[in-house]
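Keep in mind that the numbers below use all heavy atoms, side chains included, and drop hydrogens, waters and symmetry copies.
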There are 2 protein chains.
Amino acid sequence: MGKQITEMLKGTLEGIVLALLASQPAYGYEITARLREKGFTEIAEGTIYALLVRIEQRGLVDVTKVPSPSGPPRKVYTLNERGRDELDEFWRTWSFLADRLQQLQGGK
Amino acid sequence: MGKQITEMLKGTLEGIVLALLASQPAYGYEITARLREKGFTEIAEGTIYALLVRIEQRGLVDVTKVPSPSGPPRKVYTLNERGRDELDEFWRTWSFLADRLQQLQGGK
DNA sequence: TACCAGTACATAGTAACGCTAGCTACCGTT
DNA sequence: AACGGTAGCTAGCGTTACTATGTACTGGTA
């Protein structure tokens, strides 16, 4: 895939990560791995860490530091109330866009 | 809607405009109006003109100047071969993303 | 011991894009 | 003359993903 996916991810990647965290808390390295499993093979690690910094600063997640058996300590992110609100809003916005694009794609 | 849609439109707005042009040629002012009809009420005119400049420079459209009965001359944009290729690629990328988001939204 | 791969986090600089806020200009009506 | 609708254009800004690189902890192996 090319640059199109890079631009499309702007605005959606945050929602994707919030959705992952909604199913269960996770740390950065783990999130990157999960995304790769789900088909997002080209997302750079650095992108995820930067995004996590942002959502932490906006107060969408709670953070705890947990020792790792196989490396440096992990920063585990848990979605909080505000994060869930933001995720709801994300799904509404996404649906708005997806509905309209489906119309465009199907009907002439 | 808030800032989420602004970020989400990055990458998709171009595809949306290409899709509009695929159904029939149009000029900037007209495209803005059509978008508003389709529910994209908050897209600024300036955004569309800048986008049209970009896709013209990338050679995705052919341009002809047509006199208007009610104002300055119109720049009519017609999707060409490369534009159609780009649009196909856009739909593939969009489907990739939409499929994965649907999985995320539905299944836990 | 030295090296390396895997794990885990972080950041400075860059490119791309939509938005804000303006501007010019043509036309018909008031 | 003034105004609203039509039509196009642009400089500067904020946000975001990517590139590239660095640090550091652990365990295995040459």
- prompt: Yes or no on salt bridge (Lys or Arg N to Asp or Glu O under 4.0 Å) for E42(A) and R36(A), after CA distance, side-chain angles and deciding distance?
  reply: CA-CA 8 Å; E42(A) 301 178 26; R36(A) 295 205 201 288; over 6 Å; no
Distance test, side-chain N/O of Y49(B) to OP1/OP2 of dT10(D), below 4.0 Å: no
- prompt: How many Å lie between CD1 on I48(B) and P on dC17(C), as a whole number?
  reply: 14 Å
message: Determine whether E30(B) and R34(B) satisfy the following criterion, salt bridge (Lys or Arg N to Asp or Glu O under 4.0 Å), listing intermediate values before the conclusion.
response: CA-CA 6 Å; E30(B) 185 185 7; R34(B) 291 235 194 107; 2.9 Å; yes
statement: Closest non-hydrogen contact found for I5(B) with F96(A) is CD1-CD2, 4.0 Å
task: Verify salt bridge (Lys or Arg N to Asp or Glu O under 4.0 Å) between R58(B) and E86(B), making sure each step is shown before the conclusion.
output: CA-CA 10 Å; R58(B) 285 202 290 147; E86(B) 182 81 2; 3.4 Å; yes
task: Write down the distance between NZ (K3(A)) and P (dA15(C)), rounded to a whole number of angstrom.
output: 13 Å
field: Whole-Å distance separating the CD atom of E30(A) from the C1' atom of dT7(C)
entry: 12 Å
Atom-pair distance (CD on E56(B); P on dG8(D)), nearest Å: 12 Å
message: Set out, in order, the CA-CA distance, both residues' side-chain angles and the distance that settles salt bridge (Lys or Arg N to Asp or Glu O under 4.0 Å) for E14(A) and R54(A), then state yes or no.
response: CA-CA 9 Å; E14(A) 180 185 302; R54(A) 284 201 306 270; 5.1 Å; no
message: Expressed as a whole number of angstroms, how long is the span from Y27(A):OH to dT7(C):C1'?
response: 8 Å
task: May I have the distance from I31(B) (atom CD1) to dC9(D) (atom C1'), rounded to whole angstrom?
output: 15 Å
query: What is the distance from NZ of K65(B) to C1' of dC9(D), rounded to the nearest Å?
result: 11 Å
query: Excluding sequence neighbours, so at least two apart, what forms side-chain contact (heavy atoms from CB on, under 4.5 Å) with E89(A)?
result: R92(A), T93(A), Q4(B)
query: In whole Å, what is the span from the CE atom of M8(B) to the C1' atom of dC19(C)?
result: 17 Å
message: Just N and O in the side chain of Y29(B): are any of them under 4.0 Å from OP1 or OP2 of dG8(D)?
response: no
Below 3.5 Å between N/O atoms, which protein atoms pair up with nucleotides 16-19 of chain D? Just atom names and distances, please.
from    : atom 1 : to     : atom 2 : distance (Å)
dT16(D) : O2     : K10(A) : NZ     : 3.2
dA17(D) : OP1    : L9(A)  : O      : 3.1
dA17(D) : OP2    : R54(A) : NH2    : 2.5
dC18(D) : OP2    : T47(A) : OG1    : 2.9

task: Measure up the W94(A) and W94(B) rings against each other and bin them: parallel (under 30°), tilted (30 to 60°), perpendicular (over 60°).
output: parallel
- request: Please report the closest heavy-atom contact between S68(A) and P72(A), naming both atoms and the distance.
  value: CB-O, 3.3 Å
What's touching nucleotides 25-30 of chain D from the protein side, N or O pairs under 3.5 Å?
none

- prompt: Hey, does L60(B) have a side-chain heavy atom less than 4.5 Å from the side chain of L87(B)?
  reply: no
field: Distance below 4.0 Å between K75(A) side-chain N/O and dA10(C) OP1 or OP2
entry: yes
